[in-house]
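Down below is the structure, laid out as structure tokens.
Values reported hereafter were calculated over all heavy atoms of this structure, with side chains retained and with hydrogens, waters and symmetry mates removed.
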Amino acid sequence: MRLYHAAIGLVSLLSMVSGAMTIGANWGTQATHPLDPAIVVRLLRENGIQKVKLFDADYDTLRALGKTGIEVMVGIPNDMLATLASSMKAAEKWVSKNVSAHVTSNNVNIRYVAVGNEPFLQTYNGSFLRTTFPALQNVQSALIKAGLGNSVKVTVPLNADVYESSSGLPSDGDFRADIHDLMLAIVKFLNDATAPFTVNIYPFISLYSDAEFPVDYAFFDGNANPVNDGGTSYYNMFDANYDTLVHALQKNGFGNLPIIVGEIGWPTDGDRNANIEYAQRFNQGFMSHISSGKGTPLRPNADINAYLFSLIDEDAKSVDPGNFERHWGVFTFDGMPKYAFNLGTTNTGALIPARRVNYLERKWCVMKPSAKLDDPQVPLSVSYACGLADCTRLGYGTSCGSLDARGNISYAFNSYFQIQNQLDDACKFPNLSTITKTDPSTGTCRFEVMIEPYYGGAVQASGHAKKALGLVVGLILFFLKIV
């Protein structure tokens with residue numbers, strides 16, 4: 001049986017410190033209507049989530065985390081790597097503004113700086129190969145100059161595709177041949193700086209990308225046929241993947257380097273294998289697996305620090321990897337728990353929803369009962385709506401996959417209407433749409449009412465995201481049988 005590596009990047013940080021498990025979360029903000037940071041911080045605290053990983057250094061987000069004690073990993077996006085790599089002054093300025101100022105003035109508990117995010121993904125075609133390591137070095141030097149070298153550590157969240165195994169077995173693990181020397185330079189640097197190696201592991205992506213992948217091997221139930229590696233049995237993909245990295249580190253002389261699992265999780269929509277049942281099974285299984293203290297076969301009894309991806313759904317993320325990309329959250333876009341998930345931090349053993357969330361008026365935009373499916377404006381209108389909104393819940397095996405053609409059209413119209421803050425003009429598809437106060441939700445398909453907009457850190461869909469949506473729109477129109 002082959003060892004499967006993940007190819008994507010996405011978090012709840014689960015760790016054992018002094019015998020007490022602490023829990024954290026990846027907090028992404030690529031949403032048209034992100035929650036107010038104050039609401040999210042309260043959500044974190046009420047659920048006992050004590051660590052958080054960010055993908056940027058948004059001021060409002062970091063300010064909201066001040067004086068909470070929550071440990072923070074602040075992120076530097078890939079598009080900033082070239083600037084930080086080429087200028088020590090730029091690195092010092094970034095650290096001063098985004099780390100020092102928050103630590104000293106606002107008492108934000110920043111513990112890590114994530115330099116880039118999966119910069120060596122093969123899909124990037126080497127775009128960041130020359131800038132990641134110099135940026136890492138400059139940021140580290142800037143932290144030392146600022147007097148933060150001992151308290152704030154640098155790291156680079158990497159995808160699991162930076163290592164591989166020629167046989168598919170963990171014991172043959174080594175770093176990818178095309179970046180082997182670069183990886184060793186980074187690993188040595190992290191080791192010298194007493195900083196961790198951060199890796200993202202996604203069993204879901206293996207299942208998504210390979211029809212032959214054994215489903216049970218993605219989970220932690222012990223139901224899969226084990227992989228035998230020289231007498232060592234692996235019953236789940238996570239352990240095998242993690243130990244492949246450990247072997248790669250050992251083989252190159254860094255067997256004791258600390259490892260953080262930067263992202264691990266399971267999406268709940270956008271694909272037939274992305275559903276509530278599998279997400280609950282995976283995340284609860286993972287939680288039980290790491291809280292047992294058993295570690296992995298190669299690092300038995302070791303504490304596993306891992307970030308579950310992710311905290312909240314993000315409806316403005318690119319769907320290039322797949323329609324599931326917007327549905328990784330343990331919570332919905334408005335902070336509601338999606339399924340039963342016991343983090344071991346609340347009295348009830350259940351997730352606590354976000355409070356004080358303000359919604360727009362309870363009204364929806366749907367297809368007029370009198371409108372005809374064969375109206376030539378239908379495909380144009382659906383294409384327009386989905387190109388500017390989120391139709392990733394439509395399709396085979398998704399939560400809205402059982403809708404008929406009219407239902408699909410209504411869903412597309414409403415998604416656009418809500419993202420446009422229910423403006424009257426956003427429900428004026430020519431002779432096709434109408435506003436209703438009767439909730440059209442049915443079965444597992446939820447027609448959302450958007451929350452009131454928070455503009456402090458709102459992300460509008462980028463040109464890249466809109467381009468990626470072209471495939472989504474085409475699939476939806478095909479599904480609707482209206483082209």
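- Side-chain N or O atoms of Thr155 include one that pairs as donor or acceptor with a backbone N or O of Pro196 at under 3.5 Å.
- In this structure, Phe219 has its ring center under 6.0 Å from that of Tyr278.
- Asn159 and Tyr202 are not linked by any side-chain donor-acceptor pair at a separation below 3.5 angstrom, with hydrogens and angles left out of the test.
- Under the salt bridge (Lys or Arg N to Asp or Glu O under 4.0 Å) criterion, the residue pairs touching residues 26-47 are Glu46-Arg355, with sequence neighbours excluded.
- Between Asp172 and His247, the closest side-chain pair of non-hydrogen atoms is not below 4.5 Å.
- Remark: the backbone N or O of Glu452 is not paired with any side-chain donor or acceptor of Asn358 at under 3.5 angstrom.
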- request: Tell me, with the steps shown, if Trp328 and Phe204 meet ring-ring contact (aromatic ring centres under 6.0 Å, His included).
  value: CA-CA 11 Å; Trp328 289 96; Phe204 168 80; 5.7 Å; yes
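- Within the 3.5 Å criterion, the main-chain N or O of Asn342 finds a donor-acceptor partner in the side chain of Gln284.
- Of the listed residues (Asn305, Thr296, Val246), just one forms a side-chain contact (heavy atoms from CB on, under 4.5 Å) with Ile259, and that residue is Val246.
- One distance of note links CZ of Phe55 with CE of Met73; it measures 10.0 Å at 0.5 Å rounding.
- Salt bridge status for Arg446 with Asp334: present, with a side-chain N to carboxylate O gap under 4.0 Å.
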task: Evaluate side-chain hydrogen bond (donor to acceptor under 3.5 Å, both in side chains) for Thr32 paired with Asp315, printing each intermediate quantity in order.
output: CA-CA 6 Å; Thr32 59; Asp315 69 345; 2.8 Å; yes
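- With Glu314 contributing its side chain and Gln30 its backbone, the two residues share a donor-acceptor pair below 3.5 Å.
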field: Criterion side-chain contact (heavy atoms from CB on, under 4.5 Å) on Asn252 and Met183, from CA distance to verdict
entry: CA-CA 10 Å; Asn252 292 284; Met183 285 303 304; over 6 Å; no
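- Shown are Leu257, Val199, Val162; of these, the side-chain contact (heavy atoms from CB on, under 4.5 Å) with Leu245 is made only by Val199.
- Counting heavy atoms from C-beta on, the side chains of Asp58 and Thr29 never come closer than 4.5 Å.
- For the pair Ser415 (side chain) and Ala412 (backbone), a donor-acceptor distance under 3.5 Å is absent.
- For the pairing with Thr268, the side chain to side chain donor-acceptor pair (under 3.5 Å) check across Arg393, Lys338, His327 returns one residue only, Lys338.
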- request: Kindly determine whether Tyr234 and Thr244 satisfy side-chain contact (heavy atoms from CB on, under 4.5 Å), including the steps that lead there.
  value: CA-CA 11 Å; Tyr234 286 92; Thr244 303; over 6 Å; no
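- Applying the side-chain contact (heavy atoms from CB on, under 4.5 Å) criterion to Asn78, with sequence neighbours excluded, gives Leu81, Asn117, Pro119, Tyr124, Phe128.
- Atoms CG and OG, from Leu143 and Ser100 in turn, are 7.5 Å apart once rounded to the nearest 0.5 Å.
- A distance of 7.5 Å separates CG in Asp161 from CD in Glu118, rounded to the nearest 0.5 Å.
- Residue pairs meeting the salt bridge (Lys or Arg N to Asp or Glu O under 4.0 Å) criterion with at least one partner in residues 141-158, sequence neighbours excluded, are Glu92-Lys145.
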task: Decide yes or no on ring-ring contact (aromatic ring centres under 6.0 Å, His included) for Tyr416 and Tyr384, but give the supporting numbers first.
output: CA-CA 9 Å; Tyr416 176 75; Tyr384 180 82; 5.4 Å; yes
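- Between Thr61 and Val40 there is no side-chain heavy-atom pair separated by less than 4.5 Å.
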- prompt: Can you list the steps and then say if Asn241 with Tyr163 is a side-chain hydrogen bond (donor to acceptor under 3.5 Å, both in side chains)?
  reply: CA-CA 9 Å; Asn241 195 300; Tyr163 49 90; 2.4 Å; yes
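- Salt bridge Asp174/Lys251: absent, no basic N to carboxylate O contact under 4.0 Å.
- Interatomic distance, Leu249 CG to Asn191 CG, rounded to the nearest 0.5 Å: 9.5 Å.
- Every pair passing salt bridge (Lys or Arg N to Asp or Glu O under 4.0 Å) that includes a residue from residues 180-196 is listed here, sequence neighbours excluded: Lys188-Asp192.
- The CG atom of Asp313 sits 8.5 Å away from the CG atom of Asp269 when rounded to the nearest 0.5 Å.
- Here the side chain of Asp210 pairs no donor or acceptor atom with the backbone of Ser206 at under 3.5 angstrom.
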field: Pair Phe175-Ile186, side-chain contact (heavy atoms from CB on, under 4.5 Å): steps then yes or no
entry: CA-CA 12 Å; Phe175 294 110; Ile186 290 175; over 6 Å; no
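- Applying the ring pair (Phe, Tyr, Trp, His ring centres under 6.0 Å) test to every pair with at least one member in residues 77-104, sequence neighbours left out, gives these pairs: Tyr59-His102.
- Put simply, the side chain of Arg176 reaches to within 4.5 Å of the side chain of Gln122, judged on heavy atoms.
- Note on ring orientation: taking the six-membered ring where Trp is involved, the planes of Phe282 and Phe220 are tilted (angle from 30° to 60°).
- Side-chain atoms of Asn106 do not come within 3.5 Å of backbone N or O of Val108 as any donor-acceptor pair.
- Classified by interplanar angle (parallel below 30°, tilted 30° to 60°, perpendicular above 60°), the ring pair Tyr217/Phe213 is tilted.
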- request: Take His33 and Asn421 through the side-chain contact (heavy atoms from CB on, under 4.5 Å) test and state the conclusion after the steps.
  value: CA-CA 9 Å; His33 289 65; Asn421 297 320; 2.5 Å; yes
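- Counted within 6.0 Å of CZ on Arg63, heavy atoms from surrounding residues, nucleotides or ligands total 12 or fewer; the atom is thus considered open.
- Between atom CD1 of residue Ile39 and atom CG of residue Leu44 there is a gap of 12.0 Å, rounded to the nearest 0.5 Å.
- The side-chain contact (heavy atoms from CB on, under 4.5 Å) test applied to Ala302 returns Arg299, not counting sequence neighbours.
- With a 4.5 Å cut-off on side-chain heavy atoms, Val95 and Val152 do not count as touching.
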